[in-house]
Number of protein chains: 2
Amino acid sequence: MRTVKDPLERKRDLMDMASMLFLSRGYEETSVNMIVEQLGVAKGTFYHYFKSKEEILEAVLESYLDQYAEGIKAFLEESSINGYEKLMFVLKNILSNNQGPEHLTKHVEDNKNARLHQMLDEKFYEKFYPIIVEILRQGIGEKIFHLQYPEEITQVLLLGIRAYMHIHIPNFKDSQYMKTKLQALEEILGKVLGMDEEKYAVRLM
Amino acid sequence: MRTVKDPLERKRDLMDMASMLFLSRGYEETSVNMIVEQLGVAKGTFYHYFKSKEEILEAVLESYLDQYAEGIKAFLEESSINGYEKLMFVLKNILSNNQGPEHLTKHVEDNKNARLHQMLDEKFYEKFYPIIVEILRQGIGEKIFHLQYPEEITQVLLLGIRAYMHIHIPNFKDSQYMKTKLQALEEILGKVLGMDEEKYAVRLM
DNA sequence: CGCCATTGACCGACGGTCGGTCTATATAAT
DNA sequence: ATTATATAGACCGACCGTCGGTCAATGGCG
């Protein structure tokens, strides 16, 4: 049987199925054959739309992170709050984002998703770096933050926090453990951002 | 032709060859066949010593990082310097360690080494976390550092700094760029560690 | 009719397995 | 002390299923 679809729709179908399988079974453990079999299309169709398995991974992650980041950017632009409030909003959002690929993927062993995580980290950084830098600049202008290297600090924080929150060595059900992590983060951020402790405090909870 | 060797030596040979190939061609681009062909041994021999390609990667990285961390530990234990000096020593060492796998691997595209880097990061963290925490505790006892969450701060810093130093977006020959990165790091560390600015300053260069 | 989305048989390379061989050493018999 | 025998485990390479990827053929639609 041969069904011709709107190319955009077909591409979406492929990406959706790939996304589902990557999340439930891991990237390496998902074969191109599985994707096309589940969809009932031929392998050639897959390679008509994507030139490699890695390319569809990139497309899936790009699409996900674009949506995510655009949502946040839209909110920030239409609200006129200060840098401190913006930063708290974004950080809380990121930290509570145990929805999304990272979370759904958690039950799959990491070693079957090395490439996925690497690419996710890259794209996450790529999308959020400009947002955070902009916020820090605003906060510096407003004399709320006091720091000399907003770009570099954004880099360390973005990368460090992400990796930091991914460490779940102990029973990650333990909410006390998470609480301590967040408290420590508050201390670190307060210090690094150089905020006036009397007027502002990092509140992540 | 069949040559029987001391098993430890054979294992070393396999690990050395694997290491060389992983570094020069990348992990994914190195096949088990290449390793055994270069050594002139049969594939069965490889699987007699390692139960998977991934296992030899782990053995190689474990061996490398063990050596590295043990060297540092030995130095720290036989010297009786304060926490501040110890931390500077370790940080400089880590930062200048653009020798070692990370550096040698740089000319290979990262996407052919996702699993290698993931595992390297894990093992790096695993080996250095206890060292840094110990140093921070010492420095706190000596009233040099002032912070509440040495464990968590070590986590963020270790992970953040590593990822941070790996970003080489612009021409990484540009020493001014590296200098700015290090200056920013100095500022961050100074703040996070809560050091008395008059007596101590983070000096990474 | 011409275009291109779609098909699925096909390919080489890969990681990994397996039945079996060879040799060095320990043990027992002479 | 010397020789036969048994055991362990290092070593071999043909073989396997699966994978990502290719491509010539073909069917459907503007």
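All values below come from the heavy atoms of this structure, side chains included, with hydrogens, waters and symmetry mates left out. Proteins get letters first, then strands, A, B, ... in listed order; numbering begins at 1 in each.
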Exercise for the section: Enter the distance from A:Lys112:NZ to A:Phe22:CZ here, rounded to the nearest 0.5 Å. Expected result: 15.0 Å
Problem - Donor-acceptor pair between B:Arg12 and B:Ser63 side chains, under 3.5 angstrom - result: yes
Practice task
Not counting sequence neighbours, list each pair that qualifies as a salt bridge (charged side-chain N to carboxylate O under 4.0 Å, His left out) and has a residue in residues 73-92 of chain A.
Solution key: A:Glu70-A:Lys73
Exercise for the section: Taking the six-membered ring of B:Phe124 (Phe, Tyr or Trp), confirm whether the NZ or CZ of B:Arg162 is under 6.0 Å from its centre and within 45° of its axis. Expected result: yes
Problem - A:Phe89 and A:Phe75 aromatic ring geometry - parallel, tilted or perpendicular at 30°/60° bounds - result: parallel
Exercise for the section: Please collect all salt bridge (charged side-chain N to carboxylate O under 4.0 Å, His left out) contacts where either partner lies in residues 123-134 of chain B, sequence neighbours excluded, each pair once. Expected result: B:Glu58-B:Lys123, B:Glu62-B:Lys123, B:Glu62-B:Lys127, B:Asp66-B:Lys127
Handout entry: salt_bridge(B:Glu54, B:Arg115) N-O dist < 4.0 Å
Key = yes
Practice task
Would you check, one step at a time, whether the test side chain to side chain contact (heavy atoms under 4.5 Å, CB included) holds for B:Leu21 with B:Ile35?
Solution key: CA-CA 8 Å; B:Leu21 291 170; B:Ile35 300 173; 3.8 Å; yes
Problem - Interatomic distance where CD belongs to B:Glu9 and P belongs to D:dG9 [whole Å] - result: 19 Å
Handout entry: A:Gln138 and A:Glu142 side chains, donor-acceptor separation under 3.5 Å
Key = yes
Handout entry: Atom-pair distance (NZ on A:Lys112; C1' on D:dC19), nearest Å
Key = 13 Å
Practice task
Mind calculating the distance between CG (B:Leu39) and C1' (D:dA10) to the nearest angstrom?
Solution key: 14 Å
Problem - D:dC11 OP1/OP2 closer than 4.0 Å to side-chain N/O of B:Tyr49 - result: yes
Problem - Within residues 11-19 of chain A: residues closer than 4.0 Å to DNA chain D (heavy atoms) - result: none
Practice task
Find out whether B:Leu185 and A:Tyr149 are in side-chain contact, i.e. whether some heavy atom of one side chain is under 4.5 Å from a heavy atom of the other.
Solution key: no
Exercise for the section: Take the C1' atoms of the five end pairs on each side of the helix from C:dC1-D:dG30 to C:dT30-D:dA1, get both axes, and report the angle to 10 degrees. Expected result: 10°
Practice task
Let me have a per-nucleotide readout for nucleotides 9-19 of chain C, 5' to 3', with B, S or -, counting only protein heavy atoms under 4.0 Å.
Solution key: -----SBBB--
Practice task
Can you establish whether the number of heavy atoms outside B:Lys5 located under 6.0 Å from its atom NZ is more than 12?
Solution key: yes
Practice task
Whole angstrom is fine here: how far is it from CD in A:Glu37 over to C1' in D:dT18?
Solution key: 12 Å
Practice task
Please step through side chain to side chain contact (heavy atoms under 4.5 Å, CB included) for the pair A:Tyr68 and A:Asn93, ending with a clear verdict.
Solution key: CA-CA 10 Å; A:Tyr68 184 17; A:Asn93 201 302; 3.1 Å; yes
Practice task
Please state whether the phosphate of C:dA5, meaning OP1 or OP2, lies under 4.0 angstrom from any side-chain nitrogen or oxygen of A:Thr45.
Solution key: no
Exercise for the section: Tell me whether the guanidinium CZ or amine NZ of B:Lys53 lies under 6.0 angstrom from the six-membered ring centre of B:Tyr27 and within 45° of its axis. Expected result: yes
Problem - Under 4.0 Å protein heavy-atom contacts per nucleotide of nucleotides 25-30 of chain D, with B for base, S for backbone only and - for none - result: -BBS--
Handout entry: N/O (side chain, B:His48) to phosphate O (OP1/OP2, D:dA10) under 4.0 Å
Key = yes
Problem - OP1 or OP2 of D:dA10 under 4.0 Å from side-chain N/O of B:Arg10 - result: no
